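Below is one structure, written out as structure tokens; comments come after it.
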Amino acid sequence: MGLVDLALKAVAAYDRPDLASRLKQTKARLSDPNVRVLVVGEFKQGKSQLVNALVNATVCPVDDDIATAVPTLVRYGEETTVTLVREHDGGERSERTPVPLEQLAEYVSEGGNPGNRAGLTRAEVTLPRKLLQSGLVLVDTPGVGGLGSAHGAATMSALPTADAVLLVSDASQEYTAPEIDFLQAARKLCPNVGCVVTKTDLYPHWRRIVELDEGHLRNARIEADLLPVSSALRLHAARTQDLDLITESGFQALVGFLLRKVVARADDLDRRSTSQDVLVTCQALESKMRAELMSQNDPERAGALAKELEAARARVEALRQRSARWQTTLNDGVADLIADIDYDLRDRLRAVSRDAEQLLDDADPKDIWEQFAEWFHKQVSHAVAQNFVWTTERARWLAEQVAEHFAEDVDVQLPELRISGGAVAGKVDALEMPVGEQFGVGQKLFVGLRGGYGGLLMVGLASTVAGIGLLNPLSIGAGLLFGAKTVKDEKKRLVQRRQADAKNAVRRHVDEATFQVGKDSRDNLRQIQRELRDHFTVLAEDLSESLKESMSAAQTALKDDATRQQRVADLEAELERVGGLADRARKLAAAVES
């Protein structure tokens with residue numbers, strides 16, 4: 001922070017306000033020390049208990065019949081507080097309500113707040129804990145429905161904004177396919193991924209489970225730390241101050257992972273970006289001074305230098321024109337990306353729709369609807385989440401392509417892209433079973449009598465020709481046969497009607513999901529386009545201004561011979577001061593590499 005403040009003073013002293021915007025952004029980034037760690041996993045795997053054990057406090061509700069329904073953020077604070085947050089208008093407005101810690105479970109658990117009917121965005125808890133003092137923020141995510149549910153898709157969409165993710169799975173069984181799929185996606189979206197195996201105190205075979213999990217990670221080519229822990233042992237050891245139990249709980253390795261690989265790496269990233277921003281500023285300041293100094297020391301070269309600077313300025317000026325290559329790459333890339341992402345989303349959801357219709361063809365929707373709806377929601381959420389992962393990867397690839405084309409002229413650093421979306425929860429209504437015709441005992445009796453009457457009358461009239469009465473065993477049997485067939489046909493018709501109505505409901509839900517998620521994706525990509533355009537345009541303007549100042553200084557140096565020696569001395573002193581600032585920036589980056 002002190003290095004950035006010094007650089008800000010330098011740009012003010014040398015009258016370069018155009019260089020201050022980048023430094024102010026750097027300062028704003030450094031002023032937020034938070035390092036977000038998402039704690040994710042399937043239902044009832046011990047996520048909340050893990051958070052409690054890490055902070056040695058019962059902040060997240062834990063019980064056999066309690067499931068987390070609202071994300072809970074645990075961060076450092078001088079006092080213990082709980083705040084419920086409701087965001088409105090897409091996060092532009094927020095409503096914050098403080099509540100006692102004892103009432104937290106009533107708002108964040110599925111039992112106290114089923115389906116999040118209270119409309120909470122998150123709960124924020126502050127605790128005076130040393131572990132959190134470094135800026136670590138633990139986020140206990142909802143586990144209702146598992147990783148493939150709407151909650152899981154919402155968790156997936158939060159990964160790009162997180163500094164690390166901990167996948168929690170207990171020692172009762174090895175990794176499942178959804179967990180491996182989630183890890184593969186998480187590696188693409190988040191820089192740090194850790195795998196925590198919980199409840200080692202309950203399962204004596206936990207070491208075998210860890211071995212199997214390691215094999216699954218190798219087969220999937222996922223590089224992640226595997227950390228077996230026991231939250232119960234950790235909490236008990238903290239109460240009794242038993243150092244042996246603390247070691248046995250496995251939390252020392254977990255805390256070490258959080259501090260060394262998450263918090264420390266976030267600090268390293270801040271140092272690298274700060275060093276880069278300060279160095280760019282120093283180079284801009286030095287370019288003007290060196291140009292003037294060269295002119296002062298060798299006036300005959302000033303004309304040639306001015307021409308070189310003019311040519312360089314013309315090249316940088318081209319970067320700001322719409323015809324510049326990076327502009328074309330950005331505009332064409334975003335247009336192609338929007339089309340590709342939309343096609344990918346439609347293709348994934350069409351595949352889900354085909355599978356759903358096949359299931360409905362094979363069974364009566366009335367008999368399977370509850371299980372079918374749960375499966376269908378998971379498939380839609382999974383398809384949306386995978387589309388979001390691909391969107392994120394493609395957006396970052398596009399940013400790199402634009403940077404490469406820009407870098408043909410100058411050195412450039414990519415902006416930090418924050419991509420949101422990737423969930424259908426709260427945007428699309430749940431799939432509801434269509435209301436069909438009732439076919440109870442009364443309806444069956446009526447339909448059977450209607451069909452039986454026709455069969456009895458038809459056969460009975462035919463038998464009267466042979467001199468047999470209208471009511472005879474043959475006509476009665478025919479009536480029963482026709483009545484049973486009519487009831488069976490009516491049942492089949494109603495099943496087909498329910499299947500058709502259910503398919504229509506599936507198609508409507510898929511269409512709504514495609515519409516809502518597609519709009520989010522397009523808005524996301526347009527926002528990324530604006531961020532990249534503004535970033536590179538500002539960079540081009542900064543470079544153009546720097547070269548313009550350098551050229552002006554070189555030309556001015558020709559007009560004043562009387563004070564040339566004094567000006568040379570002043571310039572050398574100023575260059576030394578700016579060089580010292582640049583050296584401090586280089587040392588900051590070197591300290592990270594060492």
Side-chain angles (χ1 to χ4, degrees), residues 90 115-117 142 144-157 177-178 181-182 185 336-392 394 420-439 489-526:
N116 191 17
R117 62 187 178 192
V144 181
L147 296 174
S149 67
H151 284 295
T155 299
M156 184 78 72
S157 68
D181 291 341
F182 183 89
D336 293 343
L337 191 52
I338 289 176
D340 290 346
I341 295 304
D342 185 66
Y343 175 81
D344 178 76
L345 176 65
R346 291 178 181 274
D347 183 61
R348 292 178 189 274
L349 291 179
R350 285 179 63 186
V352 173
S353 181
R354 286 194 297 268
D355 292 342
E357 291 185 15
Q358 184 61 50
L359 287 175
L360 293 173
D361 281 335
D362 296 339
D364 186 349
K366 183 180 67 174
D367 298 334
I368 66 168
W369 188 259
E370 184 176 347
Q371 296 87 352
F372 171 79
E374 181 181 359
W375 170 86
F376 180 71
H377 281 304
K378 285 187 175 182
Q379 293 301 310
V380 170
S381 297
H382 180 72
V384 171
Q386 291 301 314
N387 177 260
F388 172 73
V389 172
W390 197 53
T391 301
T392 304
R394 287 288 303 274
S420 59
V424 295
K427 302 173 186 175
V428 181
D429 293 335
L431 181 68
E432 295 183 358
M433 181 178 179
V435 179
E437 300 178 37
Q438 299 295 324
F439 197 54
D489 290 344
E490 182 66 12
K491 283 183 178 180
K492 183 178 180 181
R493 185 190 71 80
L494 290 177
V495 169
Q496 291 174 342
R497 174 70 179 272
R498 284 194 293 269
Q499 289 173 333
D501 290 344
K503 289 179 183 179
N504 288 331
V506 165
R507 295 185 190 114
R508 287 194 300 270
H509 187 89
V510 168
D511 287 343
E512 184 67 15
T514 302
F515 173 76
Q516 294 290 347
V517 178
K519 182 181 185 305
D520 285 347
S521 295
R522 288 190 293 273
D523 291 345
N524 226 340
L525 293 173
R526 291 300 183 192

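Everything quoted here is computed from the prediction, not taken from an experiment.
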- [ ] Compare all side-chain heavy atoms of R354 with those of R350 and state whether any distance is below 4.5 angstrom.
- [x] yes
TODO: Flag the pair V506 / F372 as yes when at least one side-chain heavy-atom distance between them is below 4.5 Å, and no otherwise.
DONE: yes
Open item on the list: Tell me every residue that passes side chain to side chain donor-acceptor pair (under 3.5 Å) with Q358, counting only those two or more places apart in sequence or in another chain.
Closed with: D362
Task: pair D340-R394: side-chain heavy atoms closer than 4.5 Å - done: yes
Open item on the list: Please enumerate all residues that pass salt bridge (Lys or Arg N to Asp or Glu O under 4.0 Å) together with D336, with sequence neighbours excluded.
Closed with: none
Task: Partner set under side chain to side chain contact (heavy atoms under 4.5 Å, CB included) for A383, not counting sequence neighbours - done: R348, L349, V352
- [ ] Applying side-chain contact (heavy atoms from CB on, under 4.5 Å), run through R522 and D342 and close with a yes or a no.
- [x] CA-CA 8 Å; R522 288 190 293 273; D342 185 66; 3.8 Å; yes
Open item on the list: Applying the side chain to side chain contact (heavy atoms under 4.5 Å, CB included) criterion to R346, which one of T514, V510, I341 satisfies it?
Closed with: T514
- [ ] With the side chain counted from C-beta on, respond yes when V384 and F388 share a heavy-atom pair under 4.5 Å apart, and no when they do not.
- [x] no
Task: Set of side chain to side chain donor-acceptor pair (under 3.5 Å) partners for D364, sequence neighbours left out - done: R498
TODO: State which residues pass salt bridge (Lys or Arg N to Asp or Glu O under 4.0 Å) with D523; sequence neighbours excluded, sorted by chain then number.
DONE: K519
Task: Residues forming a side chain to side chain contact (heavy atoms under 4.5 Å, CB included) with E357, sequence neighbours excluded - done: S353, K503, R507
- [ ] Indicate yes or no: at least one non-hydrogen side-chain atom of L359 is less than 4.5 angstrom from one of F376.
- [x] no
Open item on the list: Nearest 0.5 angstrom please: Q496 CD to D501 CG, how far?
Closed with: 12.0 Å
TODO: Only counting residues at least two apart or in another chain, list the ones meeting salt bridge (Lys or Arg N to Asp or Glu O under 4.0 Å) with R526.
DONE: none
Task: Separation of D355 CG from W375 CH2 (nearest 0.5 Å) - done: 5.0 Å
Open item on the list: I need the single residue from D347, T392, D344 that forms a side-chain hydrogen bond (donor to acceptor under 3.5 Å, both in side chains) with N387. Which is it?
Closed with: D344
- [ ] Only counting residues at least two apart or in another chain, list the ones meeting salt bridge (Lys or Arg N to Asp or Glu O under 4.0 Å) with D511.
- [x] none
